[in-house]
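What you see is a predicted model; the values in this text were computed from it and never measured.
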Number of protein chains: 2
Amino acid sequence: MVGVCDSRSLLVVDDVATKGMKDSFLMEICRAKSSGSSLASLLSLGQCQIFKDSEMMDKIIDIAGHLGRSTGLAVVDCSASSETVSILKQAVGLGCCIVLANKKPLTCGIEAYEKLISNFRCIRFESTVGAGLPVIASVNRVLASGDPIYHIVGSLSGTLGYVMSEVEAGKLFSKVVQEAKSLGFTEPDPRDDLSGMDVARKALILARLLGRRINLNDIKVDSLYPDELGPNSMSTEDFLSSGLSSVDRDFQEKVRAASLKGKVLRYVCMIEGSRCEVGLQELPKDSPLGRLRGSDNVVEIYSRCYKDSPLVIQGAGAGNDTTAAGVLADIIDLQDLFQ
Amino acid sequence: MVGVCDSRSLLVVDDVATKGMKDSFLMEICRAKSSGSSLASLLSLGQCQIFKDSEMMDKIIDIAGHLGRSTGLAVVDCSASSETVSILKQAVGLGCCIVLANKKPLTCGIEAYEKLISNFRCIRFESTVGAGLPVIASVNRVLASGDPIYHIVGSLSGTLGYVMSEVEAGKLFSKVVQEAKSLGFTEPDPRDDLSGMDVARKALILARLLGRRINLNDIKVDSLYPDELGPNSMSTEDFLSSGLSSVDRDFQEKVRAASLKGKVLRYVCMIEGSRCEVGLQELPKDSPLGRLRGSDNVVEIYSRCYKDSPLVIQGAGAGNDTTAAGVLADIIDLQDLFQ
């Protein structure tokens with residue numbers, strides 16, 4: 001580890017060619033960040049330098065140029081920013097590996113995406129879909145084995161998974177969303193989850209992995225609230241206290257209609273042929289997605305080998321620990337390239 | 001691809017350093033083998049040589065010595081023989097990678113096992129557990145991420161999975177086994193499945209992957225038939241026609257007892273701490289294993305990250321296609337070592 005970066009500054013060892021950050025120093029960084037201190041506050045503790053603003057980006061590229069091809073530097077992006085794309089593209093050009101927990105660089109325009117994956121064996125992004133769940137690794141294994149993937153269906157939002165299974169149990173949609181927010185299951189504004197855009201980004205990452213040359217706006221996304229309840233029309237408080245309950249009845253009817261057919265409603269992504277959709281689907285009760293309860297993610301992969309009965313991966317799809325575990329497994333997986 | 005081997009002979013290109021087998025020739029090999037012809041019958045078609053008996057083993061070691069370290073030769077063992085261990089150990093010593101669909105080399109004595117995995121990044125054996133299902137790859141990813149695995153529970157026999165879910169549905173054990181045999185779900189002698197030894201080998205592979213230094217005879221294995229119905233006491237025909245029905249009543253009682261507790265019986269492997277067991281367990285109806293129907297395999301992995309709700313991998317765990325797919329994905333995964 002030669003450097004650590006946040007949105008404001010880059011802390012880097014003074015000689016990247018020969019030095020690395022010691023574990024004890026990395027622990028100090030964790031402590032400083034958890035207590036709200038800046039990276040700059042750590043300057044006195046190690047033989048480090050600090051870079052800010054445009055200098056920060058220049059320095060990363062400088063390090064990438066020095067270590068990328070020779071040492072096998074991995075640039076790891078755990079931000080949620082779309083501003084890292086340019087630096088990641090340059091790092092790839094300089095022979096670096098990249099590891100992403102950040103979905104944004106993979107869901108930008110197709111040209112930038114194709115540049116990022118141009119050296120496909122040098123990029124890992126497991127934690128962008130289902131956190132540490134081995135979804136990307138498994139899709140890649142199936143593809144590598146020459147087994148064509150026909151379609152992928154998944155419940156890729158723990159929040160929406162929780163909401164749908166509680167609504168199925170008879171609770172009112174508005175109450176469940178309020179509960180989910182108070183349990184910390186949602187973003188500060190639950191509409192960030194309910195809009196489906198986060199699921200759409202995950203769907204795009206999977207669709208592109210299957211070779212579809214599509215963009216985010218090619219995906220049909222069902223929002224769980226109508227436009228007139230959107231962030232431009234009302235505050236989060238108004239949305240939760242009054243707006244939300246206006247869709248309860250509609251929701252109850254959809255759940256009842258599905259139930260009459262022996263099915264359950266799930267908020268899923270569905271990738272099949274050129275079709276890529278994110279929204280409510282009626283699914284058989286007796287399927288991995290239909291049986292889903294709580295906030296687990298589930299992905300069903302249908303291929304020539306897994307045709308009638310899919311390959312299913314299920315488990316916690318969010319959380320700091322599992323996301324970090326996925327990033328670390330990705331970094332370690334890259335070691336094979338530099339034996 | 002420089003050579004192909006069956007139990008009788010090795011067909012190898014005449015200059016392994018510069019030549020490989022063409023796709024068209026490999027197709028001819030498939031055709032010959034499917035029609036029962038020998039590898040020797042293909043000698044006239046390509047610029048190949050044939051080796052038999054002890055010469056065959058010597059030649060493989062000779063090739064491994066020439067190509068192992070320099071070119072990155074992978075020795076792939078898709079046999080079901082325990083006689084390949086010696087050659088695999090030598091190949092590892094010569095710097096070769098090894099890929100196994102064969103469980104026997106990984107379930108022999110601990111010393112041989114430790115020699116085989118001594119260069120852990122150069123061995124792959126996905127298809128030994130759950131065929132092509134990404135079980136080994138996922139366990140390795142979890143371990144690589146520093147996430148300690150507390151326990152693994154799995155239904156790793158499609159045959160026994162099918163038997164247990166049919167018995168649960170009210171059918172007689174003896175009838176279900178007869179049906180499974182006529183559907184081609186069992187070995188020619190169904191006792192090879194019912195003994196649990198195949199599941200025990202898979203459990204041993206997983207337990208060793210978790211670092212347990214145990215041997216096959218350290219595993220507690222419940223057989224689904226008593227000793228007096230074993231192969232030494234009666235023929236397959238007698239076992240199926242009369243022997244088997246003598247355990248029906250006992251089985252029905254076990255199923256009923258589990259059901260009274262709201263549980264279901266499953267034939268599972270259970271690895272937890274120093275405990276490694278294979279046999280019937282009463283499991284909650286509402287768990288991935290309890291919900292299992294048909295011949296799918298399921299593996300539940302419990303770790304620090306996947307503590308309350310496990311990481312679950314499910315799908316077809318047998319079949320030529322998926323086994324071959326797993327082997328191919330393993331071979332391709334090794335490419336990273338030789339970029």
Region of [X] in contact with chain B, defined by heavy-atom distances below 4.5 Å:
X: R304(A); answer: side chain
X: D330(A); answer: both
X: D321(A); answer: both

- Can you tell me how far the CG atom of L160(A) sits from the OG atom of S295(A), to the nearest 0.5 Å? 11.5 Å
- Hey, could you give me the NZ/CD distance between K22(A) and E28(A), rounded to the nearest 0.5 Å?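 It comes to 13.0 Å.
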- Task: Using distance alone, with no hydrogens and no angle criterion, decide if D77(B) and S79(B) have a side-chain donor and acceptor under 3.5 Å apart.
- Result: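 S79(B) and D77(B) do have a side-chain donor-acceptor pair below 3.5 Å.
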- Message: Please evaluate residues I123(A) and F125(A) with respect to the criterion side-chain contact (heavy atoms from CB on, under 4.5 Å), reporting the C-alpha separation (whole Å), side-chain torsions for both, the decisive distance (0.1 Å), and the verdict.
- Response: CA-CA 7 Å; I123(A) 183 169; F125(A) 45 92; 3.8 Å; yes
- Task: Measure centre to centre between the rings of Y162(B) and F185(B), then say whether the value is under 6.0 Å.
- Result: yes
- Message: What part of A137(B) gets within 4.5 angstrom of chain A, counting heavy atoms only: side chain, backbone, both, or neither?
- Response: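 Contact with chain A involves the side chain of A137(B) alone.
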Please identify, among [options], the residue contributing the most non-hydrogen atom pairs under 4.5 Å to chain A.
options: I313(B), N140(B), N297(B), V312(B); result: V312(B)
options: L337(B), L328(B), D336(B); result: D336(B)
options: G315(B), A325(B), G326(B); result: A325(B)

- Message: Any heavy-atom pair between the side chains of D193(B) and D198(B) that's under 4.5 Å?
- Response: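 Not in contact.
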- Note on the structure: Looking only at heavy atoms, the pair that brings T322(A) and A318(A) closest together is CG2-O, 3.0 Å
- Between D333(A), D308(A), D296(A), D147(A), the one whose heavy-atom pairs under 4.5 Å with chain B are most numerous: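 The residue among D333(A), D308(A), D296(A), D147(A) with the greatest pair count is D296(A).
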- Message: I'd like to verify something: which residue of G146(A), A144(A), S303(A) has the highest number of heavy-atom pairs under 4.5 Å with chain B?
- Response: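 Option with the greatest count: A144(A).
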